[in-house]
Novice: 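Input: one structure, supplied below.
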Amino acid sequence: MLSLYFYFATLFVSFAHCENFNWLSLAMSSTSYYAPKYRSTHNTMDKNQYRMLCERLMGLNPMQRIICQQHPLAMPSIGRGARDSLYECQVQFKHERWNCSERFEVHNNSINGNFYQDLLGTTLRAGNKETAFLSAITSAGVVHAITRGCSTGNLTVCGCDNQPGNQRYTEVESPTTASKNQNQFTWDGCSDDAAFGVRFAREFLDKYERQRFAETSDVRHLMNLHNNFVGREAITQNMRKHCRCHGVSGSCEFKTCWLQMPKFNEVGEMLKQRYNHFAVQVAKRAKKKLRRKERSERKIPLRGNEIAYLNRSPSYCERNDKLGIYGTRGRECNQTSLSSDSCDLLCCGRGYDTREVRRTVQCHCKFVWCCHVKCKECTENVLVHTCK
Ligand SMILES: *[C@@H]1O[C@H](CO)[C@@H](O)[C@H](O)[C@H]1NC(C)=O
Ligand SMILES: *[C@@H]1O[C@H](CO)[C@@H](O)[C@H](O)[C@H]1NC(C)=O
Ligand SMILES: *[C@@H]1O[C@H](CO)[C@@H](O)[C@H](O)[C@H]1NC(C)=O
Ligand SMILES: *[C@@H]1O[C@H](CO)[C@@H](O)[C@H](O)[C@H]1NC(C)=O
């Protein structure tokens with residue numbers, strides 16, 4: 001009986017494995033070998049060549065493979081979005097027990113001997129708060145990278161937004177650009193077309209999740225859809241109007257303005273705040289929409305600033321190879337901190353070792369006319385605490 005159970009368990013695992021696409025592996029694929037030449041009358045790659053290039057990009061789900069064939073020029077931007085969001089995730093979680101990395105497996109794939117790395121794959125499938133953050137930041141990463149690709153002219157299907165007034169935005173007025181006639185300005189320069197980035201990210205990330213939800217009714221897909229939405233909102237709700245003054249010596253007689261996306265590290269900070277304070281556990285079943293797990297709040301719909309998760313997170317204290325968890329042994333902690341990097345919290349109460357190390361730091365810095373800072377290098381002894 002038990003062996004039968006295991007037989008099916010293995011079957012399920014290997015089956016599930018085929019379903020586990022992970023586009024984040026694009027962060028590792030060098031898109032340079034792939035960077036297709038700009039389309040021109042002389043240099044037209046035919047469809048078959050694109051198809052082959054897209055087959056070689058590992059980790060894409062069937063929908064993403066089609067998008068790759070339709071928009072091959074967008075793929076380097078998507079790879080960049082994956083890289084930027086993973087980097088930002090690691091910055092935001094530098095002081096947490098889960099530091100946005102996991103022991104990942106290298107999957108050997110038979111296609112042309114290419115392999116792909118299932119980056120953060122275990123976390124992506126865990127359905128917990130960390131999964132939610134990852135979905136949100138990577139979806140924001142795609143919007144950001146694609147939109148930037150449009151603004152810089154790297155993508156040919158899009159460009160600057162020529163009707164920025166239709167986007168939602170906030171003003172950033174510096175004293176130099178605040179004119180008496182606040183409202184007098186003309187749109188000029190390149191405004192980021194975030195709406196294009198959003199449409200593209202929805203195609204690339206949401207379409208497959210929606211299809212899988214229709215097929216399986218697995219709430220995890222609804223959860224991913226919601227968190228992807230939260231990531232996109234972090235950008236579209238924070239578009240900023242920047243202006244430049246023209247006219248006689250700073251009179252700001254004429255003002256031209258353009259819209260800019262928030263910087264990606266600001267997006268990372270915002271989403272980390274959502275993770276810290278606005279993470280909502282949702283019910284395991286849903287017909288069409290996610291519902292809060294808390295019974296008394298079931299009627300309150302999820303907001304665009306709340307990330308959704310299904311399962312509680314492990315403590316991340318102890319190493320667990322199956323779950324890809326590093327554990328916090330050996331991590332550096334801060335004896336005087338009261339937050340997550342304190343030795344108490346980071347080391348999970350196991351205690352810590354202290355040793356003295358010599359470190360080289362910049363010191364005796366002087367301002368040198370004009371305009372840089374000159375420093376000496378000092379070595380100093382510092383106490384370093386690491387978790388037991
Ligand atoms: C993947 O395959 C390559 C070539 O066949 C081999 O060198 C490498 O060790 C394999 N990696 C893993 C993790 O199995
Ligand atoms: C645009 O493309 C160039 C050349 O492929 C690349 O070096 C650059 O980083 C790209 N810029 C963006 C914003 O993607
Ligand atoms: C996260 O912590 C582990 C040790 O627990 C370390 O090996 C790994 O390099 C860290 N990751 C990052 C991105 O700092
Ligand atoms: C430790 O935490 C304190 C308080 O948050 C901070 O002032 C200090 O810079 C931190 N030390 C290190 C080495 O990060």
Side-chain angles (χ1 to χ4, degrees), residues 22-30 59 79-106 116-126 128-138 140-141 231 264-265 267-269 271-273 275-277 313-365 375 377-388:
N22 182 355
W23 68 276
L24 285 183
S25 62
L26 291 190
M28 306 292 285
S29 75
S30 149
R80 190 194 194 100
R83 267 195 305 282
D84 290 354
S85 38
L86 291 181
Y87 173 80
E88 188 55 34
C89 176
Q90 296 192 338
V91 169
Q92 294 299 332
F93 283 83
K94 200 165 54 188
H95 297 310
E96 309 274 343
R97 288 180 188 163
W98 179 74
N99 61 358
C100 198
S101 53
E102 74 183 34
R103 301 166 169 276
F104 52 76
E105 302 163 45
V106 176
Y116 89 97
Q117 291 183 322
D118 188 21
L119 278 183
L120 293 165
T122 316
T123 310
L124 280 173
R125 295 183 283 273
N128 58 26
K129 262 172 84 168
E130 290 70 37
T131 316
F133 179 85
L134 270 180
S135 297
I137 191 108
T138 53
F264 199 61
N265 65 318
V267 174
E269 267 162 42
L271 293 175
K272 181 66 182 348
Q273 288 307 312
Y275 168 91
N276 287 345
H277 306 294
S313 303
S315 71
Y316 296 106
C317 282
E318 306 295 336
R319 176 175 160 169
N320 181 331
D321 288 348
K322 209 172 124 234
L323 298 180
I325 297 172
Y326 274 114
T328 63
R329 185 177 311 265
R331 288 277 300 277
E332 212 174 286
C333 62
N334 183 332
Q335 212 182 16
T336 53
S337 164
L338 293 172
S339 55
S340 57
D341 61 338
S342 73
C343 289
D344 222 25
L345 286 176
L346 193 66
C347 308
C348 310
R350 292 187 306 259
Y352 54 94
D353 298 316
T354 301
R355 68 204 147 87
E356 199 174 13
V357 295
R358 284 175 81 75
R359 277 189 180 164
T360 330
V361 292
Q362 306 255 295
C363 59
H364 303 303
C365 295
C375 296
E377 287 201 335
C378 302
T379 51
E380 54 178 24
N381 291 338
V382 288
L383 291 178
V384 168
H385 314 288
T386 49
C387 294
K388 283 192 178 176

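Treat the numbers as computed from the prediction; the structure is a model and nothing was measured. As the structure lists them, so they are numbered: ligands from 1, and atoms in each ligand from 1.
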Novice: Using a 4.0 Å cut-off to any heavy atom of Thr336, which atoms of ligand 4 qualify?
Specialist: 1 (C), 2 (O), 3 (C)
Novice: Which of the atoms of ligand 3 are close to Gly327, meaning less than 4.0 Å from one of its heavy atoms?
Specialist: 5 (O)
Novice: Under 4.0 Å from ligand 3, counting heavy atoms only, is it the side chain of Lys94, its backbone, both or neither?
Specialist: neither
Novice: Consider every N or O of Asn99 and every N or O of ligand 3, then say whether any pair is closer than 3.5 Å.
Specialist: yes
Novice: Is atom 9 (O) of ligand 3 touching the protein, meaning some protein heavy atom lies under 4.0 Å away?
Specialist: no
Novice: Within a distance under 4.0 Å of any heavy atom of Arg331, pick out the atoms of ligand 3 and give their elements.
Specialist: 2 (O), 4 (C), 5 (O)
Novice: Answer yes or no on whether Lys272 is positioned over the face of Phe133, meaning its NZ or CZ is under 6.0 Å from the six-membered ring centre and within 45° of the axis.
Specialist: no
Novice: Taking atom NZ of Lys129 and atom CG of Asn276, what is their separation to the nearest 0.5 Å?
Specialist: 7.0 Å
Novice: Please step through side-chain hydrogen bond (donor to acceptor under 3.5 Å, both in side chains) for the pair Glu88 and Gln92, ending with a clear verdict.
Specialist: CA-CA 6 Å; Glu88 188 55 34; Gln92 294 299 332; 2.8 Å; yes
Novice: So, for Leu134 and Trp98, which heavy atoms are closest and what is the spacing to 0.1 Å?
Specialist: CG-CH2, 4.2 Å
Novice: Atom 6 (C) of ligand 4: which of Val384, Val382, Asn334, Leu338 has the nearest heavy atom?
Specialist: Asn334
Novice: For Ser313 and Glu130, which heavy atoms make the closest approach, and how far apart are they?
Specialist: OG-OE1, 2.6 Å
Novice: Any atoms of ligand 3 less than 4.0 Å from a non-hydrogen atom of Gln90? List them with their elements.
Specialist: 13 (C)
Novice: Hey, is ligand 3 close enough to Tyr326 that some N/O pair sits below 3.5 Å?
Specialist: no
Novice: When you take the SG atom of each Cys, Cys387 and Cys347, is the space between them under 2.5 Å?
Specialist: yes
Novice: A quick test of your reading: do over 12 heavy atoms of other residues, nucleotides or ligands sit less than 6.0 Å from CG of Leu383?
Specialist: yes
Novice: Please determine whether any non-hydrogen atom of Cys100 lies less than 4.0 Å from an atom of ligand 3.
Specialist: no
Novice: Pull out every atom of ligand 4 sitting under 4.0 Å from any heavy atom of Ser337, numbered as shown with elements.
Specialist: 2 (O)
Novice: Please tell me whether Cys365 and Cys375 are bridged, where bridged means their SG atoms are separated by under 2.5 Å.
Specialist: yes
